[in-house]
Amino acid sequence: MLKDDFFGYEVEIDLETTQRWYATAKPKKGQYGAAAEVHNFRAAAEERQLPAFVLEYLDKLGIPPQKATYIRYVNTRDGNNFYTFSYRMTGNILKESQANECGCWCLHEPSPICPQDFPEPHFDLEFYASVPWVLDEPNLLDFHPPGDIVLISGAPGTGKTAAASIFTKETFAYRTVHLRMDDFYRGLGKRAIPPDQPEADAQNQVVIEAISEAARRFARRSYRVIVDGVIRPRYLKPWLQIAKDRWSNGTAVHYIILRADRDETMRRAVGQDKPSPEADAALVETMWAQFCELGAYEKNVIDTTALSVEDVVSAIESAVKGNTHLLPED
């Protein structure tokens with residue numbers, strides 16, 4: 001147990017247990033965790049723009065400042081945004097402070113918003129302080145939370161683009177944008193390499209990074225971003241990083257793989273306004289095989305063999321609404 005003075009309070013903290021909980025903690029789900037004020041606080045904390053005395057004490061305890069267990073925006077005065085925020089600790093308050101005028105408290109008060117799985121006994125270190133507004137959107141009252149990213153992947157002929165186009169128009173979201181990976185490839189000029197060639201790997205990585213950066217930017221401004229393209233698991237690195245950063249960016253990443261059986265895929269994809277059906281057939285079959293044994297990502301598959309486009313869109317909406325196809329956050 002660490003015995004310490006917290007601005008006049010005598011406390012004892014089980015650092016090992018506390019640090020273990022924060023190491024695996026996830027963002028609060030639901031409306032509280034999605035509020036603009038909360039996202040601003042987490043972004044400011046991630047950038048270490050909290051008051052120095054707060055950062056110094058949290059650094060001493062090894063607690064990430066963006067993982068506050070309670071955050072409440074109070075008001076804005078003279079251009080300063082004031083918050084009450086706290087960090088739950090495993091331990092006890094040994095002695096109350098007799099006079100505390102610095103905006104720091106130790107509390108035992110239970111809250112339905114704070115995590116209910118925190119190891120007991122516990123108490124909260126609470127701060128009241130000004131935190132800068134760091135998000136692009138300057139108006140607290142007119143802010144919409146960050147959007148999510150929906151990756152719709154699969155081999156040619158599985159209905160990605162048709163479904164993504166309809167989903168973009170019909171999904172229940174504040175704003176939407178459809179990013180087509182094919183459009184990024186069409187923009188390549190000199191020394192462009194067909195993306196299916198082995199030597200195109202470095203180029204493909206750049207295209208994936210470019211589209212992921214565009215998607216991240218749209219999501220930050222409250223867009224639901226629908227990305228359709230051939231995104232195999234080996235190209236998920238930038239998307240996994242966005243998912244991992246959900247603490248600070250508020251953006252979830254859904255990874256949905258559309259897959260039909262071989263015969264249906266070949267029927268849909270080959271020979272439709274294509275100059276060389278034979279060459280297309282070999283390429284489509286190769287790409288179809290690349291989405292057949294996906295290991296841990298089999299759970300992200302939607303079988304479109306017997307589905308209409310409308311049925312596929314409905315299945316995608318259900319997957320997004322139910323958060324059943326999310327990329328992991330750790």
query = Angle class for the F127/F6 ring planes (parallel below 30°, perpendicular above 60°, tilted otherwise)?
reply = perpendicular
ask   = Do the side-chain N and O atoms of D311 and S314 include a donor-acceptor pair separated by under 3.5 angstrom?
value = no
query = Are R20 and E16 close enough for a salt bridge, meaning some N to O gap below 4.0 Å?
reply = yes
ask   = In Å and rounded to the nearest 0.5 Å, what is the CE to CG distance from M89 to L61?
value = 5.5 Å
ask   = Are any side-chain N or O atoms of K160 and backbone N or O atoms of G154, one a donor and one an acceptor, separated by less than 3.5 Å?
value = yes
task = Check whether any side-chain N or O of T69 sits under 3.5 Å from a backbone N or O of S86 as a donor-acceptor pair, and report yes or no.
result = yes
Interatomic distance, L283 atom CG to Q197 atom CD [nearest 0.5 angstrom] = 8.5 Å
task = For T18 and D14, indicate whether the former's side chain and the latter's backbone hold a donor-acceptor pair under 3.5 Å.
result = yes
task = State yes or no: do V227 and Y235 share one hydrophobic cluster built from I, L, V, M, F, W and Y residues joined by side-chain heavy-atom distances below 4.5 Å, directly or via other members?
result = yes
query = For the residue pair F291 and Y297, is the inter-centroid distance of their aromatic rings smaller than 6.0 Å?
reply = no
task = Could you check if a side-chain atom of V134 sits within less than 4.5 angstrom of a side-chain atom of E46, using non-hydrogen atoms only?
result = no
inquiry  = Taking atom CD as the centre, does E199 end up with more than 12 heavy-atom neighbours from other residues, nucleotides or ligands that are less than 6.0 angstrom away?
reply    = yes
query = Aromatic rings Y87 and F85: how do their planes relate, parallel, tilted or perpendicular, breaks at 30° and 60°?
reply = perpendicular
inquiry  = Would the distance check show the side chain of T251 and the main-chain N or O of G147 forming a donor-acceptor pair, the cut-off being under 3.5 Å?
reply    = yes
query = Does the pair E10/K3 count as a salt bridge with the N-to-O cut at 4.0 Å?
reply = no
ask   = Taking N300 for the side chain and H325 for the main chain, is one N or O donor matched with an acceptor at less than 3.5 Å?
value = yes
query = With a 4.5 Å heavy-atom cut-off, do Y185 and V230 have their side chains touching?
reply = no
key: 4.5 Å side-chain heavy-atom contact, F172 and R224   = no
key: Shared hydrophobic cluster, V11 / V54 (ILVMFWY, side-chain heavy atoms < 4.5 Å)   = yes
task = Check whether any side-chain heavy atom of M181 lies under 4.5 Å from a side-chain heavy atom of V207, and answer yes or no.
result = yes
task = Mark yes or no for whether Q203, through its side chain, and I193, through its backbone, hold a donor-acceptor pair below 3.5 Å.
result = yes
query = Do D303 and R259 come within less than 4.5 Å of each other through their side chains, counting heavy atoms only?
reply = no
query = So F218 and Y223, would you call those rings parallel, tilted or perpendicular, with 30° and 60° as cut-offs?
reply = perpendicular
request  = Look at the side chain of N40 and the backbone N and O of P132, then say whether any donor-acceptor pair between them is shorter than 3.5 Å.
outcome  = yes
request  = Identify the two heavy atoms, one from K67 and one from A25, that lie closest to each other, and give their separation to 0.1 Å.
outcome  = NZ-O, 3.7 Å
key: salt bridge (Lys or Arg N to Asp or Glu O under 4.0 Å) between R72 and E126, worked out   = CA-CA 11 Å; R72 183 173 70 89; E126 184 167 295; over 6 Å; no
message = I'd like to know if the side chain of E213 reaches the main chain of E209, judged simply by a donor and an acceptor atom lying under 3.5 Å from each other, with no hydrogens or angles considered.
response = no
key: Residues V38, Y83; criterion side chain to side chain contact (heavy atoms under 4.5 Å, CB included); working and verdict   = CA-CA 10 Å; V38 174; Y83 284 80; over 6 Å; no
task = Examine distances only and state if a side-chain atom of N204 and a backbone atom of P195 form a donor-acceptor pair shorter than 3.5 Å.
result = yes
Heavy-atom side-chain proximity of T286 to D196 below 4.5 angstrom = no
ask   = For K299, does the NZ atom sit with more than 12 other heavy atoms under 6.0 Å from it, leaving out its own atoms?
value = yes
ask   = Between the side chain of T305 and the main-chain N/O of D261, is any donor-acceptor distance below 3.5 Å?
value = yes
ask   = For the atom pair OG1 (T158) and CD1 (I257), what is the distance rounded to the nearest 0.5 Å?
value = 10.0 Å
query = According to the interplanar angle, ranging from 0 to 90°, do the rings of F7 and F53 count as parallel (below 30°), tilted (30 to 60°) or perpendicular (above 60°)?
reply = perpendicular
query = Would W239 and I256 show up in the same hydrophobic cluster when neighbours are defined by side-chain heavy atoms closer than 4.5 Å?
reply = no
